[in-house]
Amino acid sequence: MPAVSLPAPPRHDWSRTEVEALFALPFPVLLQRAGEVHRDHFDPSEVQVSTLLSVKTGGCPEDCAYCPQAQRYHTGVEATKLMDTDAVVEKAKQAKAAGASRFCMGAAWRSPKDRDIPKVAAMISEVKALGLETCATLGMLSGEQATALKAAGLDYYNHNLDTAPEFYGDIIQTRELQDRLDTLSHVRDAGMKTCCGGIVGMGESRRQRAGLLQMLANLPAHPDSVPINRLVQVEGTPLHGTTELDPFEFVRTIAAARIMMPKSMVRLSAGRETMSDELQALCFLAGANSIFYGEKLLTTGNPDTERDLALFERLGLTPMALVETAGTVHADILDNSSLDTHPPDTTAADAGETSPPCFQAA
Ligand code: SAM
Ligand code: DTB
Ligand code: SF4
């Protein structure tokens, strides 16, 4: 029997020096390695598509230096109350019709109050009933809150580590990094999938970008989704005016994330609106396989859907289909809690799924 070489199992013991060594590889070598890892675990022509909705905007008591929703900065974002469930469901229907497979509800909270949970739970169950994957990002959660959201049908919880431990205090002072790690453990313990990444382009060093990825990859389980946000500079926030990150350094960050977290969906997240199509194509080559789709992120812009559809068409990319089984819906991806090192073998075609009409090639 010829020897079969399997992809190396995911690691959780990255040293900072090793991550810095990945960043320092010649650009083509780094992209080639990331591309190999991507192909070992995914179909590189498929991209997972999520749509965001801010269900409670602005007025946040926290001091995150990048955020237009922090009450203390004067960014022109108006504070709103929590949206009604019917209005959220209407937006989710539109997102599904436009081709999204996951719907992410965001709230500008430090953490939800217990009295908010039933209302958010109702939104989650109704969005889930539409046949969408559900995701929420509501700030810090207690164990009980995480359990209640899971029971309502929440598939993913987004909570970012944002930046390297030694740079964290320059960006946020109203909550500790440990608070974030605690929330992530409550989410995992409740049986939900984690969506956890960070932001680059905040004036951090390469070593600090490496430190963010090191922290993410050394979590007890790799996050199922890893959003890599490029800072969206909003006037009024302390980080407005920060020197822009070299676009190739952004691509290097995506590539290193792909190599270090081989089974995770690496999301090319905030910041796409000001990226060229060519830069986004490089990010897909570097192993990004997820995007936020729809004209708005939470409060800032995202590329028009027409532009994204045209980009998918030009690059021969297709949205990752959902596999629907009785009572559950999940995207055709690997579960990171499993130790399986093989690529998924159930394709959308096997399951009789097709791309939503709006994504089909003309
Ligand atoms: N309030 C909740 C929290 O902080 O966890 C949920 C919403 S918060 C807006 C979600 C994430 O969006 C942040 O952790 C941050 O990584 C990202 N984000 C916020 N403002 C951003 C900006 N201007 N540019 C890039 N990413 C941003
Ligand atoms: C994530 O990592 N990025 C998204 C999502 N998770 C919630 C949010 C980006 C927000 C960008 C700024 C805004 O639109 O307010
Ligand atoms: Fe509030 Fe979240 Fe913005 Fe921080 S990132 S200010 S917690 S909404």
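Remember, it's a predicted structure, so these values are computed and weren't measured experimentally. Just so you know, ligand 1 is whichever comes first in the structure, and atom 1 is the first atom listed for that ligand.
Under a 4.0 Å criterion applied to the non-hydrogen atoms of Asn158, ligand 2 contributes the atoms 5 (C), 6 (N), 7 (C). Below 4.0 Å from some heavy atom of Tyr66 lie the following atoms of ligand 3, by number and element: 5 (S). For ligand 2, the atoms closer than 4.0 angstrom to any heavy atom of Phe292 are 3 (N), 4 (C), 5 (C). Each of the atoms 7 (C) of ligand 2 lies under 4.0 Å from some heavy atom of Thr137. Below 4.0 Å from some heavy atom of Asn160 lie the following atoms of ligand 2, by number and element: 1 (C), 2 (O). Taking every heavy atom of Asn229 and a limit of under 4.0 angstrom, the matching atoms of ligand 2 come to 1 (C), 2 (O), 3 (N). Residue contact check: Pro227 has heavy atoms under 4.0 Å from atoms 2 (O) of ligand 2. The distance from ligand 3 to the heavy atoms of Glu62 drops below 4.0 Å at these ligand atoms: 1 (Fe), 4 (Fe), 6 (S), 7 (S).
Within the structure, ligand 2 has Pro68 among the residues with a heavy atom less than 4.0 angstrom away. Heavy-atom distances between Ala107 and ligand 1 reach below 4.0 Å in at least one pair. By the 4.0 Å heavy-atom criterion, Gly139 is counted among the residues contacting ligand 1.
Under 4.0 Å is where a charged nitrogen must lie from a carboxylate oxygen, and between Lys56 and Asp116 no such pair does. Under 4.0 Å is where a charged nitrogen must lie from a carboxylate oxygen, and between Glu20 and Arg206 no such pair does.
The protein heavy-atom contact nearest to atom 8 (S) of ligand 1 is Leu298 CD1, 4.5 Å. From the protein, the heavy atom lying nearest to atom 10 (C) of ligand 2 is Leu298 CD1, 4.1 Å. From the protein, the heavy atom lying nearest to atom 24 (N) of ligand 1 is Val232 N, 3.0 Å. With hydrogens left out, the protein atom closest to atom 21 (C) of ligand 1 is Tyr66 CD1, 3.7 Å, a heavy atom. Of all protein heavy atoms, the one closest to atom 8 (S) of ligand 3 is Ala108 CA, 3.6 Å. Closest to atom 12 (O) of ligand 1 among all protein heavy atoms lies Asn160 ND2, 4.4 Å. Ranking the protein heavy atoms by distance from atom 3 (Fe) of ligand 3 puts Cys67 SG, 2.3 Å first.
Counting heavy atoms only, His159 comes closest to atom 5 (O) of ligand 1 of the residues Arg110, Met140, Lys56, His159. Among Cys64, Pro61, Gly139, Cys60, the residue whose heavy atom sits closest to atom 4 (Fe) of ligand 3 is Cys64. Counting only non-hydrogen atoms, the option in Leu231, Leu138, Ile199 that gets closest to atom 17 (C) of ligand 1 is Ile199.
Between the side chains of Gln48 and Asn289, not a single donor N or O lies within less than 3.5 Å of an accepting N or O. Defined by atom type and a distance below 3.5 Å, a donor-acceptor pair is present between the side-chain atoms of Tyr66 and Asp162. Between the side chains of Gln214 and Ser15, not a single donor N or O lies within less than 3.5 Å of an accepting N or O. Between the side chains of Arg230 and Thr253, no donor-acceptor pair of N or O atoms lies under 3.5 Å.
In this structure, His38 and Phe42 have perpendicular ring planes: the angle between them is above 60°, well past the 30° mark. Ring pair His12/His222 is tilted by interplanar angle, where 30° to 60° counts as tilted.
Protein heavy atoms are found inside the 4.0 Å sphere centred on atom 14 (O) of ligand 1.
Using a 4.0 Å cut-off between heavy atoms, Arg175 contacts ligand 3 through its side chain alone, with no backbone atom that close. Heavy atoms of Thr137 found under 4.0 angstrom from ligand 1 belong to the backbone as well as the side chain. Neither the backbone nor the side chain of Thr237 comes within 4.0 Å of ligand 1, counting heavy atoms alone. Heavy atoms of Glu62 found under 4.0 angstrom from ligand 1: none, in either backbone or side chain.
More than 12 heavy atoms of other residues, nucleotides or ligands shown are found within 6.0 angstrom of CD on Gln178.
Looking at Ser225, its side chain never comes within 3.5 Å of a backbone N or O of Met265 through a donor-acceptor pair. Of the possible donor and acceptor atoms, one in the side chain of Lys96 sits under 3.5 Å from a partner among the backbone N and O of Leu130.
Here's the thing with Thr299: one of its N/O atoms is less than 3.5 angstrom from an N/O atom of ligand 2.
Under a cutoff of 6.0 Å and an axis angle of 45°, Arg252 and Phe27 do not form a cation-pi pair.
The CG atom of Asn229 sits 6.0 Å away from the CG atom of Asn160 when rounded to the nearest 0.5 Å.
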